[in-house]
Structure formats: C-alpha cells, structure tokens
Amino acid sequence: MVKAQRIHLVLGDQLSHSLSALADADPKTSLVLMAEVMDEATYVKHHKKKIAFLFSAMRHFAEELREKGFQVRYVRLDDPQNTQSLKGELTRTLAESGASAVITTECGEWRLAEEMRGWETVLGVPVEIREDDRFLCSIEDFRTWRKGRKQLRMEYFYRDMRRRHRVLLEGEEPVGGKWNFDAENRKPPAAGLKGPKRISHKKDQITKAVLALVDERFAGHMGSLDRFDFAVTADQAEMELQQFIDEILPNFGDYQDAMVKGEPYLYHSLISSYINAGLLLPIDVIRRAEAAWFEGRAPLNAVEGFIRQILGWREYVRGIYWTEMPDYAGLNHLSASRPLPQMYWTAKTEMACMRGAIGDTIEHAYSHHIQRLMVTGNFAMLAGIDPAAVCDWYLAVYSDAYEWVELPNTLGMALYGDGGVMASKPYAASGKYIDRMSNFCGGCRYDPKLTTGPKACPFNALYWDFLDRNTEKLGRNPRLSNMYATWRRMDPFKQDAIRKHAVRVLETLDTL
C-alpha cells in the first residue's frame, strides 16, 4: 500500500474525470479509492446487467486514472480482504495508507448520504463532501427556485434552466416561438415501424472477468448476461451518443411515446445509463443535440423533447428528491397496499403490453419511458400496488436507476403517491391508450374495446374502478372532471358490473 496524504473516494456513478472529488487530486500525495462492495450491489436486488455495467465501467475508469498517473486503490468484490462496505474500505485504506483526510463528491441516494454525514466521526479524520457540479442545478439553487411556489411544475423550472444555460434561445425567446413541443411528440407507431440497429461493443478481458464474477455471485438476481452490449468507457459512450445524434434523433420526437412489440428501443437514445454513471456529461449532450437543430440535422420537436428530458426532467426530479426527502419515500397518498404481482419479476402474463415491457426489462435492464410510465407504472397505480414495493422494483431492474431519479419518477409520476407534488393529475389510462400508442393489443388475448367479461382488457375495469374508489381524493381534480362526469353518467348497472369485474381482476393479479 502506497503512503498518501488524502484519499479521494470515487463512487460507481461518478465515473467522470471532471468529478469535483478529483479536482485537486495530486498523483504524488493523493490516493484514489474505488470499491465494489456488496452493500451497494444488494441493498435492492439489482439486475445482473446493471451490476456488470457498473463494475466494468468502474474498472475501466480506474485504469484510465492510472494511465493519467494517479495512484489508485481498486478493491474488487472478490478480494478476500474486502469488508463489503464503503465505510469499511475507507477505514482499511486510511489505516494502511496513513492518509489524514477523505475527499468525495455528494452521492445520489439519501441512505448513503446519511451514512456519509457520519463518516467524519466514525473515521476520525476530516471528510470533505463536495458538490456534484456535473448537474446543472445545484440543490441549493433548486431550493431557491421552489421557495414560495404553491405548485412545483417542471415546465416553469425547465424554462428557467433554458434561460440560465442559454439553450435553444434566440435572444431571450425560445427558438420556434414555443418552449415545449410535446404536443408534436405523440404519434402512434406506423405500421412496420422499426428502430435502427444499435452498437454492440466488443467485450475486452476486463468486461469478461466482470461478467464471470457477476454470473457467479449474483445468480439469483433478475436477468441474464447474454448479449451484454453496454458501453463501459467514455469513448464507447461517445460512440453511442454520436450514433443517436446522427441517425436516431431526427425521428425521436415523433415516436418517443410509441410502443412496438419486439422493439425495446425504437428511437430512444439509450444514454441515460451513461449520463447517470458519469461517462457522459449532461451539458455536453445538450450542446450536441442543440447543434443538430441549429445545423438543420434534426427537427425542433425532436431536439427540444430530448433536451427537455435532460435539462428539464433530470434536473427537476433530482431537486424534488433532495428537497422532499426523507419523508418523500414514505408517501402513499392513495393508500395503495397490494403486494407486487409476481409477473413483474417473470413477465409471465397474458397481457401483451405488460409481457412486452417487463420482458424487455428482464432481457435488457431497460424499458423506455412511456412503457415505464403508461404500462408497468400505470398498471401498478390502477391496481393499488404498494408504492414502496413498486419503487424498489424500478430501482433494482433498470441500469439507469439511482434513487434520486427513480423515486420521484416512480412515486410521483407513475403512481401519484405524492399526491401531486410532481404531477397535476394521475397518469391513469385504460387499454384504449395502450391500443392507440402501440401494436401490443392486436396480438393479446384481451380486447381493449371490452371493459367486462373474460376477454376484457384488465386495464379498462381497473381504470374506472381506480377513479371510483379514489373519488374522495381525486374527484375535485379539474383535470379529471370530464372522466368523473363520464363515470357519473354511466348506467348504475354498468357501474356495478365494472366494479365486480375489477374485483375479479384484483383477485387474480398473478394469473392474468
């Protein structure tokens, strides 16, 4: 073990050479510590491909730091001396290196942040936790933005971020005369719609070793390591970004809400995992997309919609997370309490849309945002599934999921569990929406046109039953007034039939 004055701890989602924790690292006096630990790999049962992606990317990043001359202590999961916790590895490294201080960058999850705040006392040395300036809105800036606001709507935050960072502006006005082109981004899938072929990165010896390790140590976790195509270095992530900007972005806007059987990606970017792990920087991605518009290589509805996901939603949900926690995680506005159906782990269901979205998740550790929101999330909300169980599932199974981004999107957007902190209404939809925006229903045993009976789409009765049983909490929401008016106009016998069918659906969730 080399002697060092300071330890610079780099976490698995901090794989950026511009990381604040490395800003003043000195190859002569600093020791960079990185560690694969069971505490972080198993606090939820993460997908095998998620673990493999992060371990391989971490190992490659450590090699890059060594090539730049840094002293790096990299602790592998199977190291016999591994304490399997970050605190344990810091304790061991401090003792062996003689270092007298620890420097790190703020983490992305409340549970670890709470632990880190106690490290100075436990470790007996100063611990400096620096701001993560890869984000474009600091937590304090978000607190300032939200102060005095009765409603925390993303749209107004997004406009402020556009102005602050001078993105897609002509003078002080938005290009194209509108801030948001979402209304132009809702085309249903055209017949025969297929996404482009994606890059499959060659696996080097580092990645092969990680795949073998994960296959052995995490055998009971979701998924398979077959067809592991992830980028594991910044250069590989850059290749995927370049392909997206050049070949895929022009069609992203039109079809970002479309769902097609057997097409898990369509025109989505697949770079969220790389941004969230630090292999790509959000401001660089935004500028590249913006340039595609100004240079005439992609239409505005596509570019604006893509940028809104990063500059708007990504920054906004992080702000919500850190300013609402820790109470936020326990919210359950609709008092949902049913256990998570087994189909979420197996994809064994005759509902074609659920089978497709969950099947993609099992195979790829990925499902695009409309499938997460309007299929798996929508179904969980309509069925009254316990929000904590749903949030743990989303956190475990997606390669881009960290609690700061997963929890608000799942609890707030998909489940309306926060009672409207994020969304002005629940994103509830019947089978008719899924039929309109996908080609799943044509091959399904359930009919989206039927609400009751053995062939009725389960989403339909659950939709009306969801509104009915939550009337006290949702009935005065102005954005639901038309649907409640429709429900009230229904014949009482029809209402009763829907309620009874919904009960049958809820009693048979694991056999649908």
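It should be emphasised that the depicted structure is a prediction, and the values quoted were computed from it without experimental measurement. If you read the sequence from its start, that first residue is 1, and numbering goes on from there.
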For the aromatic rings, using the six-membered ring if either is Trp, is the centroid distance between F228 and H201 under 6.0 Å?
no

So, N470 side chain and L474 main chain: donor-acceptor pair closer than 3.5 Å or not?
no

Using salt bridge (charged side-chain N to carboxylate O under 4.0 Å, His left out), reason through R146 and E324 one step at a time and then give a plain yes or no.
CA-CA 11 Å; R146 69 172 289 167; E324 292 287 329; 2.7 Å; yes

Just checking F294: does its CZ atom have more than 12 heavy atoms from other residues, nucleotides or ligands closer to it than 6.0 angstrom?
yes

Electrostatic pair D160:R149 at N-O distance under 4.0 angstrom
yes

Mind listing the side-chain donor-acceptor pairs of residues 356-368 below 3.5 Å, one per line with the distance, residues two or more places apart or on another chain?
{"residue": "T361", "atom": "OG1", "partner": "A357", "partner atom": "O", "Å": "2.9"}
{"residue": "T361", "atom": "OG1", "partner": "Y398", "partner atom": "OH", "Å": "2.9"}
{"residue": "E363", "atom": "OE2", "partner": "R227", "partner atom": "NH1", "Å": "3.4"}
{"residue": "H364", "atom": "ND1", "partner": "Y265", "partner atom": "OH", "Å": "3.1"}
{"residue": "S367", "atom": "OG", "partner": "Q371", "partner atom": "OE1", "Å": "2.9"}
{"residue": "H368", "atom": "ND1", "partner": "I370", "partner atom": "N", "Å": "3.3"}
{"residue": "H368", "atom": "NE2", "partner": "A258", "partner atom": "O", "Å": "3.1"}

Residues which pass side-chain hydrogen bond (donor to acceptor under 3.5 Å, both in side chains) with K473, listed by chain and number, not counting sequence neighbours:
S335

Salt-bridge test for K197 and E247: reply yes if a basic N is under 4.0 Å from a carboxylate O, no otherwise.
no

Could you check D141 against R164 for salt bridge (charged side-chain N to carboxylate O under 4.0 Å, His left out), going step by step and ending with a plain yes or no?
CA-CA 12 Å; D141 282 349; R164 181 191 302 186; 3.4 Å; yes

D254 and N301: side chain donor to acceptor below 3.5 Å:
yes

Distance alone, cut at 3.5 Å: any donor-acceptor contact between the side chains of R130 and T105?
no

Do R318 and F142 meet the cation-pi criteria used here (NZ or CZ under 6.0 Å from the six-membered ring centre, within 45° of the axis)?
no

Would you call R287 and E295 a salt bridge, using N to O less than 4.0 angstrom?
no

We want to know whether E403 and Y321 form a side-chain donor-acceptor pair, criterion being a heavy-atom distance below 3.5 angstrom.
yes

Do K48 side-chain atoms and L225 backbone N/O form a donor-acceptor pair below 3.5 Å?
no

Compare all side-chain heavy atoms of D24 with those of H8 and state whether any distance is below 4.5 angstrom.
yes

At their closest point, which heavy atom of P448 faces which heavy atom of C457, and how far apart are they?
CA-CB, 3.8 Å

Mind checking what makes side chain to side chain contact (heavy atoms under 4.5 Å, CB included) contact with A456, not counting sequence neighbours?
L450, H501

Tell me if the aromatic rings of Y274 and F53 count as close, with their centers under 6.0 Å from one another.
yes

If we only count heavy atoms from C-beta on, is the P282 to R314 side-chain gap below 4.5 Å?
yes

Is any NZ, NE, NH1 or NH2 atom of the basic residue among D400 and R372 found under 4.0 Å from an Asp or Glu carboxylate oxygen of the other?
yes

Identify whether the distance between the nearest side-chain nitrogen and carboxylate oxygen of K45 and D392 falls below 4.0 Å.
no

Without placing hydrogens or testing angles, list every side-chain donor-acceptor pair under 3.5 Å for residues 405-415, not counting sequence neighbours.
{"residue": "E406", "atom": "OE2", "partner": "T410", "partner atom": "OG1", "Å": "3.0"}
{"residue": "N409", "atom": "ND2", "partner": "V405", "partner atom": "O", "Å": "3.0"}
{"residue": "T410", "atom": "OG1", "partner": "E406", "partner atom": "O", "Å": "2.9"}

Any non-hydrogen side-chain atom of S399 less than 4.5 Å from a side-chain atom of H47?
no

Side chains of S224 and D226: donor-acceptor distance under 3.5 Å anywhere?
yes

Nearest non-hydrogen partners of R134 and L15, listed with the distance:
NH1-N, 4.0 Å

List the residues meeting side-chain hydrogen bond (donor to acceptor under 3.5 Å, both in side chains) with D435, not counting sequence neighbours, and say none if there are none.
none

Smallest separation among heavy atoms of S424 and N477, with atom names
O-ND2, 2.9 Å

Within this structure, what is the CD1-CD distance for the pair I271 and Q242, rounded to the nearest 0.5 Å?
11.5 Å

Whether K50 engages the ring of Y402 as a cation-pi pair (distance to the six-membered ring centre under 6.0 angstrom, angle to the ring normal within 45°) should be assessed.
yes

Any chance you could lay out the side-chain hydrogen bond (donor to acceptor under 3.5 Å, both in side chains) test for E315 and Y158, step after step, and finish with the verdict?
CA-CA 9 Å; E315 299 289 333; Y158 167 59; over 6 Å; no

Reported CG-to-OG distance for the pair D133 and S20, which is rounded to 0.5 angstrom:
5.0 Å

Test your reading of the model: is there a side-chain donor-acceptor pair from Y344 to the backbone of T376, 3.5 Å cut-off?
yes

Side chains of T207 and F230, heavy atoms from C-beta outward: is any pair under 4.5 Å?
no

Does any N or O in the side chain of S56 come within less than 3.5 Å of the main-chain N or O of A52, such that one atom is a donor and the other an acceptor?
no

Centres of the Y267 and F244 rings: under 6.0 Å?
no

Report all side-chain donor-acceptor pairs from residues 165-181 shorter than 3.5 Å, counting only partners two or more places apart or in another chain.
{"residue": "H165", "atom": "NE2", "partner": "L136", "partner atom": "O", "Å": "2.9"}
{"residue": "R166", "atom": "NH1", "partner": "E172", "partner atom": "OE1", "Å": "3.4"}
{"residue": "R166", "atom": "NH1", "partner": "E172", "partner atom": "OE2", "Å": "3.2"}
{"residue": "R166", "atom": "NH2", "partner": "G171", "partner atom": "O", "Å": "2.5"}
{"residue": "N180", "atom": "OD1", "partner": "D182", "partner atom": "N", "Å": "2.6"}
{"residue": "N180", "atom": "OD1", "partner": "R308", "partner atom": "NH2", "Å": "3.3"}
{"residue": "N180", "atom": "ND2", "partner": "E155", "partner atom": "OE1", "Å": "2.8"}

Show the nearest heavy-atom pair for residues G419 and H333, with the distance to one decimal.
CA-CG, 3.4 Å

Centroid separation under 6.0 Å, is that true for the rings of W487 and Y484?
no

Do K261 and E263 sit within salt-bridge range, that is, some charged N less than 4.0 Å from a carboxylate O?
no

Interatomic distance, OG1@T486 vs CG@L467, rounded to 0.5 Å, equals 10.0 Å

State yes or no: are the ring centers of F459 and F379 separated by less than 6.0 Å?
yes

More than 12 non-hydrogen atoms from neighbouring residues, nucleotides or ligands closer than 6.0 Å to NZ on K425, yes or no?
yes

Mind running salt bridge (charged side-chain N to carboxylate O under 4.0 Å, His left out) on E40 and R111 for me, showing each step along the way?
CA-CA 11 Å; E40 297 305 308; R111 59 168 188 88; 2.5 Å; yes

Atom CZ of R198 and atom CG of L270: how far apart are they, to the nearest 0.5 Å?
4.0 Å

Atom NZ of K432 and atom SG of C441: how far apart are they, to the nearest 0.5 Å?
12.0 Å

Would you check if the side chain of S16 reaches a backbone N or O of G278 as a donor-acceptor pair within less than 3.5 Å?
yes

Minimal non-hydrogen separation, V421 against R153, with atom names
O-NH1, 3.5 Å

If you measure from the Lys or Arg side-chain nitrogens to the Asp or Glu carboxylate oxygens, is any gap between R288 and E238 under 4.0 Å?
yes

Using a 4.5 Å cut-off on heavy atoms from C-beta on, say whether the side chain of H369 contacts that of H268.
yes

Minimum heavy-atom separation for F466 to L334, with atom names?
CE1-CD1, 3.6 Å

Quick check for you: to the nearest 0.5 Å, what is the distance between W322 atom CH2 and W404 atom CH2?
11.0 Å

